[in-house]
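All values below were derived from every heavy atom in this structure, side-chain atoms included, with hydrogens, water molecules and symmetry-related copies excluded. Convention: sequence-line order gives letters A, B, ...; per-chain numbering from 1.
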Amino acid sequence: MSGIDSLRPAFFEECEDLLLRMGEGLARIPDAALHNEVESIHDVFRAVHSIKGGAGAFGLTSLVGFAHAFETVLDLMRSGTLHPDASTMHILLRASDVLADLVAAARDGQPDPELMPQLLVDLDLLAEGAASPEDEAAALAFEPMRIDVIPIEPALSQAPPDPTGFAITFEPYPALYATGHEPVALLRALADLGTTDVTADLSGIGPLDTFDPAQPGLRWQLALQTTAPREDVMAIFDFVQDLALVTVEPLHPDPPSLASEPQMAAPFVTPLPQPSPVQPTPAPAHPRTASVTPAAPPAMPTIRVNLDRVDRLINQIGELVIMEAMLSQAISIAGLSKDGDVSSSLEGIKQLAARIQESVMSIRAQPLKSVFQRLDRITREAADATHKQVRLETFGEATEVDKTVIERLVDPLTHMIRNAVDHGIEPADRRIAAGKPPEGVITLSAAHRSGRVIIELADDGAGINRTRVREIAEARGLVPAGAQLSPAEIDNLLFLPGFSSKEEVSALSGRGVGLDVVRREIQSLGGRVSIQSTPGQGSLFTIALPLTLAVLEGMLIGVGGETMILPISSIIETLRPDESEIHSLGRNGRLIAKRGEMIPIIDLAQSLGFTSRQDDQRQVLILVECDSGGRAALAADQIFDQRQVVIKSLEDNYGTVRGISAATILGDGRIALIVDPEEIVARAVAETKPMPLAANG
Amino acid sequence: MQQMTLQNIADQNDYVCFRIGEQDYCIDIEVVREIRGWTPATVLPHAPDHVTGVINLRGSVVAVVDLAARLAIGKTCPTPRHVVIIVALENQIVGLLADVVSDIMGIDEAAMQPVPDIAAEGAGAFITKVIALDDGRMLRKLDLAAVLPGKDQEAA
Amino acid sequence: MTIRILAIDDSPTMRGLVAAALSPGCFDLHLAEDGIAGLDLLPKADPHLVITDINMPRLDGFGVIEAVRASPSHASVPILVLTTESGADLKDRARRAGATGWIVKPFDDSRLVQTIHRVLGFRE
């Protein structure tokens, strides 16, 4: 039905959350010292259980089946029957992978994952192994006392229904009233099946002074004329089976009279103990199922919002910020007093706009957890494929980053992890020989640092084999043979397009992607990636990303008569050098000496194809650093200001422009272009030297 | 205008007519979003000659194409008296720089004639049809898709 | 009359399914995403009937049932447990806590409505 179908997207969206929670819980289980193990298992159980529940509603049978098998094992763990040892955890983690695949397959209408049958077997074996006879006995001990009123043998219920109806007695125990039942509701439901003749037996009601409304002692006798089968009648009493004495007997085709009834009910009545109330006292034997779970953090209420709406809001706030800048400019042109009401109100608006902008941005921000968790699996699979022992440790997964950034981080990080497992971590025997533990560790951490997000990926492997890297680079013609290269420069060769090629590519990290793709992807997010490596001790990749893709802290500069923006993140310092500090090199090249380092000067106007102002002395130099660690001094006419600018796409209506990453709108309503220093430096280097420091595509 | 009284309504579309130098052009009114006076544009690096720059259209960055340069009539030196016709074609919004908007008129499909083969004096590639006007002038129907800057043309 | 129902489930999908099954004309549905939120909503929703999931964060279904039964104003409100587990053990626990009945997930819309009517004694 359409009502349910319209819920499908919401279900799969919820599954993403649930899978995330499942992954978190699974990760916590082995750390029994740090976390309440039962609580962790319970979290996982709940997530799998919810997936199963939803899947059932949408008729996703294989998902239901698998979730059920998974849940069964988790339930055994929850009850302490099954211990989460290494091999159990191994199966659980793989089961979680398959469950995630199954969800994706169900969503995309793909066939079930190949691994599913195997994992189903593994899960069943786990469950069977755990459920040994004595456990079952123990489980039985928890069975509550049952009052033996199952009225009719199952075999009898299969007997052909009597065409005329049933004689029914119904005598509620006090517990029935304590569980929200209303006897009249049941009688009405019976009446819906046919015609009833009801007699209330009030003899059980004592004198008024001892009458307890909670134990009315009422009893009904009914003759129900119906063609409905016995099952339908029993179904009405389904909920009250243990809460009332119920007898259902076929009415005689030729009913003598209701008078015959008491004798039919009698055999059932006699053995009954007067039910000492089966009151809602929770059995103390179940400490693990305590209703209140104080350990869990209070869940903040959330709403799901279409991303478009958030983006529209972000754009509008961007407009507001621009309008505010325009207003501010208009006021200063009008020459209004700085201390006047207008200016102070404007200042208020400015602060408010900034706060709103921050709040709105935070809507898009999401913790990196979702990415990090996927990488857990990537590590597992990579380790399996290479027959290495590798563990991924993550820190700072609560660090929040723009949602778009998060999504686009998955691929580069996946590649980097595979790369680390494949090329970084050594096989266990080599590690032992090197005096390391057999299991390699990849550490992934994230943190906010001075307005950026820093993600570090470290491995404790062998480090970069610089001799080998150099050989490969030379063989591929990426560097001239025998070139003078610092260790850092050699390490950076890994990022060159064309460094990894087919023969080098292993089954795992290959797939035709090199680290150059990683770098390009990070750069397209406005970020930078760098590498450090120590032979024998491992490598460290550092990714620095902007917090958001929507605003940028920029320096307003004048270039060839145009106002442009240079991202602050790439600027080291600004200089107004003396003529004496600038040295010529070749025909057009100029260098500036800075703390003993010769830094090439790039004229921004020239580089962008504008006509440069030729009064060089007046130019200001802005020292920038690139991902490769290479530095350059960008020459501009002047520096105006530093401010946050709202990033506007050039691609939407025009296309990409060399040396320019995007545009923004200034206070006067005019557009200013945002310079891409990375590209400008890379191109300048490529044009002046055949041997690149670290060229980009 | 006579076309307006003679035509069959069903085959008639409205066109925005504008002048570039001494020549008359028109485009389908459907694609025109607005017409505004020229405001200084921000120059784009490495842009072809006919791209004047980008302007701010209520928060969007929109490129302005100098039609005169594009049609090889000669680069425009824009003044506030020039107009920018904002057009939208397949999600791309672009401003067209022209001298003046002269008319909005209904034109009968039947009045549209194919472009004579010999008329390929540079602008020919951007014209799909020609229409002879009563006062002896010739109206050229502009091929918008050919005029607009391709999205990836600037990729390095 | 409009039947006021308080449905408590941590799964948005399940809440959606319950909402889809209980048409607004006949039911005045209040939804809560866990036991605590459900209990908070109890006075305002003043339900004729409570539907609750069992496995939920913060406060589970058993806790909800016990709390509702202990509340002075709503102690006798029928409570239906919404569960994928049809095991007798769970039904027993729910019963002991004071549940009126249960609905096994996945449910179909008419069965849900039927069960509600049955427990409340309303005729369709």
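Nearest heavy atoms, R21(A) versus D10(C): NH1-OD2, 4.3 Å. Closest non-hydrogen pair, M14(C) versus G53(A), comes out as CE-O, 3.1 Å. Nearest heavy-atom pair across T13(C) and F11(A) is OG1-CA, 3.1 Å. Smallest separation of non-hydrogen atoms from R46(A) and M56(C): NH1-O, 3.1 Å. In terms of heavy-atom proximity, L7(A) sits nearest to A20(C) at CD1-CB, 4.4 Å.
Of the listed residues A21(C), A37(C), G16(C), the one with more heavy-atom pairs under 4.5 angstrom with chain A than any other is G16(C).
Contact check for H42(A) versus N55(C): side-chain heavy atoms found under the 4.5 Å cut-off.
Heavy atoms closer than 4.5 Å to chain A are found nowhere in I65(C), neither backbone nor side chain.
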